[in-house]
Each structure stands twice: as C-alpha cells, then as structure tokens.
2 protein chains.
Amino acid sequence: MNIGQAADATGVSAKRIRYYEQVGLLEPAKRSDAGYRVYTAPDLHTLRFIQRARRLGFSLPQVSELLALWHDRGRSSRQVKAVAMKHVDELRSKIDELQSMVDTLTHLAIRCDGDERPDCPILHDLERSES
Amino acid sequence: MNIGQAADATGVSAKRIRYYEQVGLLEPAKRSDAGYRVYTAPDLHTLRFIQRARRLGFSLPQVSELLALWHDRGRSSRQVKAVAMKHVDELRSKIDELQSMVDTLTHLAIRCDGDERPDCPILHDLERSES
DNA sequence: CTTGACCTTCCCATAATGGTAAGGTCTATG
DNA sequence: CATAGACCTTACCATTATGGGAAGGTCAAG
C-alpha cells in the first residue's frame, strides 16, 4: 500500500505521515524498488493511534510517549494514566485562561452599546493605564 | 526613552516592540542620532493597549484592527463590539474543543486503574480501529 | 579611556502542518 | 509501444508570535 492509500485509510495526510517519519515518531517505512514508501496493516494501526491521540490534543512528544507505552508490554496503567492526566491538567489550564478572556470580554461587551456612537468600554478598557 | 525603558514601562519586551514595528503594527519609532529607537508617552500608551489586547487573546491582525478603530474618531462602537464578539466566538469554539478532549480523557481515565498492571482503557481507546 | 550596560541588525529555533515545484514512476489506453 | 495522468519522491517556503544569541556600535560612570 502506497502512502496515498495509507493516508486515505487513516485520515493522516501523506504530508503528515512523511513528517512523522522524519521526526522519528514513526519507524522509516519500507520502500518499493522505485523508492515508494510501502505500508501494511500494522502501520495503519499505528497511524490511526496517532491520529486519535492528536485529536485528543496530545503533542507529538506526548504521542511518542504513548506509542512507547503502547508497545511496552511491561508498562503499568499508572504510567499511561499519568501521561493522560498531565495532558488533562494542561488542557484545563488552557481552558481557564481562555475562559477568563471570554469573561472579561463579555463583561465589557455587555456595556458596549454597539450602536453608531464611538464610545465603547472595550476600547476604554484596552487603553486604561493600569496593568 | 530607549526601548529597554519602554519595555520595562509597558511589559512588552524590546524584542516584541521591534517585531511589532517590523510587521507594521507600530509606526517606525523616531531614532536618536546614534540610531536608537526613542519612545514617548503616547508610544507607551499604544504599547500598553497592545499588551492588554494580546492578554485578552487577540491576534496581531485583530490588535491591528482594534488600534485602527481606537484611532478612528469616526468609529462606531458597533464595529468595536463586532471585533470583540468575533474573538469571543473563536475563544468559545476553542474552549469547547478543549473541553471535549478533557471530557473524553477523564471518561477514559476514570476507568483506568492506574496501578502496576498494563491494561488501560486509554490505550485501548487510542488503538481502536473505528473513527 | 575603559568597562559594563545598553542599543543595533541579522539569523536561527520553536510546533505541526500545508503548499508548491522539479522530477521520477506506474498504469491504462490509444 | 508511447503517452497521459495520477501517483510518488525530495526540497524549500510559509504560517504565528516570540525568544535566544552573535557581532558590533554607543553611552555613562569611574
């Protein structure tokens, strides 16, 4: 199976597959006589694993950790859970940060008339000197 | 006032100030005889405006829009509110996306024993073939 | 006049892709 | 068999906003 078919089968673009190989997330694929990368069922399995981990927001280094644990028959579920929960903590921090932006902005926007007049608490807040 | 002092006074690093000038967010600063950038009170005001907008998560193009509106005496608060609310929508989308990752992961992690055994629903989910 | 703290520009790196160009390969059809 | 078109290869550039560092000029204090 060529890279295009692997991409179609997994939802990971050919570009990404090559990149993952380049940065060492994937073992270099076998090549055909012409130098084409050749993929087999286990490769697709790995690609889908990566795809799902990426969709859950894991960074490539984290995905790399997860792949290693996945292949490590001697792993403990504790290790896996630790990676996942660390990521959850990061996600929650990010959410809190974004939410506080939303809170501030909606608080300001509520007081903005949104009409033809120029006066606006949003700009007023942005130009205030403190902080 | 030199760039270092302007940086200290506004919380915008010298590096960032130069970058903002380079990408056109800021007017090129006046220069001293020696070629040093020189900043005055209104410049600091603008830098603080940018700093606050950035902290609220506005992208540099959005900050640019806000700066233009700020300087436009003929602006309507409607325009300002539109920029802000569009950003709020983007933030909320991002929050929803991150929250659904958190939900999925916590759901999986709850069922992970987190002990010395290798079996783990998190890896199990990542390697499942669907999706 | 030297030292140290500034400033300047320029280049590199980051994270994880997408786009494109130049060129080789494979396959189906005329 | 030749050729077109769909594929593949590598290599380079762009993205976003920032930090780091080097090489070299400037300024103020001692």
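Because only heavy atoms are used, hydrogens play no part in the values below, and waters and symmetry mates are left out as well, while side chains stay in. Naming convention: chains lettered A, B, ... in sequence-line order (proteins, then strands); numbering from 1 in each chain.
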Partner residues of [X] under the side chain to side chain contact (heavy atoms under 4.5 Å, CB included) criterion, sequence neighbours left out:
X	value
R73(A)	none
S100(A)	none
A82(B)	none
A68(B)	none

- Message: If hydrophobic clusters are built by linking Ile, Leu, Val, Met, Phe, Trp and Tyr wherever their side-chain heavy atoms come under 4.5 Å apart, do L44(A) and V38(A) end up in the same one?
- Response: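 In one cluster: no.
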
- Message: Strictly under 4.0 angstrom, non-hydrogen atoms only: write out the protein contact profile of nucleotides 23-30 of chain D, one letter per nucleotide from the 5' end, B, S or -.
- Response: --BBS---

Whole-Å distance separating the [atom1] atom of [X] from the [atom2] atom of [N]:
X	N	atom1	atom2	result
F58(B)	dT16(D)	CZ	C1'	17 Å
Q5(A)	dC8(D)	CD	P	7 Å
M1(A)	dC7(D)	CE	C1'	15 Å
I50(B)	dT18(D)	CD1	P	10 Å

Does some side-chain heavy atom of [Y] sit less than 4.5 Å from a side-chain heavy atom of [X]?
X	Y	value
L91(A)	L105(B)	yes
L26(A)	L47(A)	yes
F49(B)	D125(A)	no

- Candidate pair H124(A) and W70(B), rule ring-ring contact (aromatic ring centres under 6.0 Å, His included), full reasoning: CA-CA 9 Å; H124(A) 203 72; W70(B) 187 35; over 10 Å; no

- What bend angle does the helix from dC1(C)-dG30(D) to dG30(C)-dC1(D) show across its length, from five-pair end axes and to the nearest 10 degrees? 30°

- Taking the nucleotide of DNA chain D with the closest heavy atom to each, which residue, R54(B) or G4(A), is nearer the 5' end? G4(A)

Would you give me the side-chain donor-acceptor pairs under 3.5 Å for residues 112-123 of chain A, sequence neighbours excluded?
| from | atom 1 | to | atom 2 | distance (Å) |
| --- | --- | --- | --- | --- |
| D113(A) | OD2 | R117(A) | NH2 | 3.1 |
| D115(A) | OD1 | R117(A) | N | 2.9 |
| D115(A) | OD1 | S77(B) | OG | 3.2 |
| D115(A) | OD2 | R117(A) | NE | 2.9 |
| D115(A) | OD2 | R117(A) | NH2 | 2.6 |
| E116(A) | OE2 | R78(B) | NE | 2.8 |
| E116(A) | OE2 | R78(B) | NH2 | 2.4 |

- Taking DNA chain C as the partner, which of residues 14-21 of chain A come within under 4.0 angstrom of it by heavy atom? K15(A), R16(A), Y19(A), Y20(A)

- Bounds of contact between DNA chain C and chain A, in 5' to 3' order, using a heavy-atom cut-off under 4.0 Å: dA16(C) to dC26(C)

- Any pair with a residue in residues 75-111 of chain A that passes ring pair (Phe, Tyr, Trp, His ring centres under 6.0 Å), sequence neighbours left out, goes on the list, sorted by first then second residue, please.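 Every ring pair (Phe, Tyr, Trp, His ring centres under 6.0 Å) pair that includes a residue of residues 75-111 of chain A, provided the two are not neighbours, is F58(A)-H87(A).
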
- Item | Pairs involving residues 31-42 of chain B, ordered by first then second residue, that meet side-chain hydrogen bond (donor to acceptor under 3.5 Å, both in side chains) (sequence neighbours left out) |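 Checked against side-chain hydrogen bond (donor to acceptor under 3.5 Å, both in side chains) - neighbours excluded - the pairs reaching residues 31-42 of chain B are E21(B)-R37(B), T40(B)-D43(B).
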
- So side-chain hydrogen bond (donor to acceptor under 3.5 Å, both in side chains) across residues 90-99 of chain A, not counting sequence neighbours, yields Q62(A)-E90(A), K86(A)-E90(A), Q99(A)-D103(A)

